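Only one structure is covered here, and it is reproduced in the block below.
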Amino acid sequence: MKTNIILMGPPGAGKGTLAKRLISKYHIPHISTGDMFRDAIKAGTELGKTAKDYMTRGDLVPDEVTIGIVRERLAQDDCGHGYLLDGFPRTLKQAEALKELTTSLKREVNLVINIDANQAELIKRISGRRVCKNCGAPYHVTNMPPKKEGICDQCGGPLFQRPDDNEAALKVRLSHYYADTKPLLNYYEAMHVLSNVNGMLGADEVLNLASKLIGEVK
Ligand code: AP5
Ligand code: MG
Ligand code: ZN
C-alpha cells in the first residue's frame with residue numbers, strides 16, 4: 001500500500017523529529033517546506049531571497065511560492081511510492097491546491113498524522129532545539145542531547161540554533177498555526193484521513209504510534 005502522508009502540528013511538536021525516523025523506516029521522501037526554504041536560503045537562490053524575511057519574522061511564505069515548490073517536488077518519480085509532507089499544507093488555499101494536485105497525479109493523501117503538545121512544552125522544545133548545520137538532524141539540549149556537545153552524532157557537523165527559534169518569531173509562528181493551520185484539522189477530519197498522536201509523549205512512543213497508524217492504512 002502506498003502511504004501518502006501529511007504530518008501536521010504546531011512549531012516544536014516534533015514533526016521533523018518524527019519525519020526523520022519514519023523515512024529511515026519506510027524509505028519514502030521527506031518533503032519539508034521549511035527545510036526546502038532553509039536550503040534555498042543557504043544556497044542564495046531567488047527562492048531563498050523571497051523566503052528569508054518571512055521566515056525570520058515567523059510569518060508564512062506566500063501561498064503561490066510555497067504551492068509552486070510542492071507542485072514541482074510531488075510530481076517527481078520518487079513520490080510515486082509514497083511521500084511524507086512535513087509543514088505543508090498550512091493554509092486552506094494550500095490544502096485545496098494539494099487536493100487538486102494529488103488528484104491529478106493519482107497520489108492522494110491517505111493519512112494525516114496530527115501531533116500536538118501544550119504551549120509550555122512547545123516553548124521549551126523550541127528554545128532548547130539545536131540543529132545540525134550539515135544534515136539538519138534535530139537535537140534538544142536536555143531532551144535529546146548529542147553525545148558530544150555542539151556536534152552532530154550522525155555527521156560530525158556543528159549544531160546551531162535556528163534564527164526563527166526566538167521568543168518574538170515563535171509568538172508569530174504560533175499565532176499563524178492557531179489562525180491558519182489548525183482549522184485544517186477539520187478539513188482532513190471531514191475527509192476521514194485524520195489521526196491524532198499525543199506529541200507530549202517521548203519520541204520513541206510517538207514513532208511507535210505513528211508506525212501503527214501507517215500499518216493500518218488500507
Ligand atoms: P518549519 O521548518 O516547518 O517550522 P515549524 O512548523 O515552526 O516547525 P518546527 O520545525 O519548528 O518544529 P517541529 O514540529 O519540526 O519540531 P522538531 O521535530 O524540530 O517552518 C519554518 C518556517 O518556514 C515557517 O515559519 C514559514 O515561515 C516557512 N514555511 C514552511 N512551510 C510553509 C508553508 N507550508 N507555508 C508558508 N510558509 C511556510 O522538534 C522540536 C524540538 O523538540 C527539538 O529540539 C526536538 O529534539 C524536540 N523533540 C521532538 N520530539 C520530541 C518528543 N517527543 N519529546 C521531547 N522532545 C522532542
Ligand atoms: Mg520541523
Ligand atoms: Zn549532522
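The structure displayed is predicted, hence computed values, not measured ones. In what follows, every heavy atom counts, from backbone to side chain, and hydrogens, waters and symmetry copies are set aside.
- Within the hydrophobic cluster formed by Ile, Leu, Val, Met, Phe, Trp and Tyr side chains joined at under 4.5 Å, directly or through other members, Met144 stands alone, with no partner residue.
- With Asp165 contributing its side chain and Ser127 its backbone, the two residues share no donor-acceptor pair below 3.5 Å.
- Every residue two or more places apart in sequence or in another chain that forms a side-chain hydrogen bond (donor to acceptor under 3.5 Å, both in side chains) with Thr142 is listed here: His140.
- Ionic pairing of Lys171 and Glu167 is not present here: no N-O contact between side-chain nitrogen and carboxylate oxygen is shorter than 4.0 angstrom.
- Looking at Arg21 and Asp204, a side-chain N of the basic residue comes within less than 4.0 Å of a carboxylate O on the acidic one, giving a salt bridge.
- Taking the centre and axis of the six-membered ring of Tyr54, the NZ or CZ atom of Arg57 falls inside the cone set by 45° and 6.0 Å.
- Proximity of a side-chain donor or acceptor of Asp53 to a complementary backbone N or O of Thr50 within less than 3.5 Å is not detected.
- Of the N and O atoms on the side chains of Thr91 and Asp63, at least one donor lies less than 3.5 Å from an acceptor on the other residue.
- Remark: the Asn114 side chain and the Asn196 side chain contain an N/O donor-acceptor pair separated by less than 3.5 Å.
- Using a 4.5 Å heavy-atom threshold, the side chains of Leu174 and Pro11 count as touching.
- Under 4.0 Å is where a charged nitrogen must lie from a carboxylate oxygen, and between Asp78 and Arg73 at least one such pair does.
- Through chains of ILVMFWY side-chain contacts below 4.5 Å, Phe160 is grouped with Val131.
- Ile115 places none of its side-chain heavy atoms less than 4.5 Å from the side chain of Met8.
- Not counting sequence neighbours, Arg71 has no partner by the side-chain hydrogen bond (donor to acceptor under 3.5 Å, both in side chains) test.
- Legend: residues meeting side chain to side chain contact (heavy atoms under 4.5 Å, CB included) with Glu100, ordered by chain and number and at least two apart, are absent.
- Other members of the cluster containing Leu159 are Tyr139, with ILVMFWY side chains joined at under 4.5 Å, either directly or via other members.
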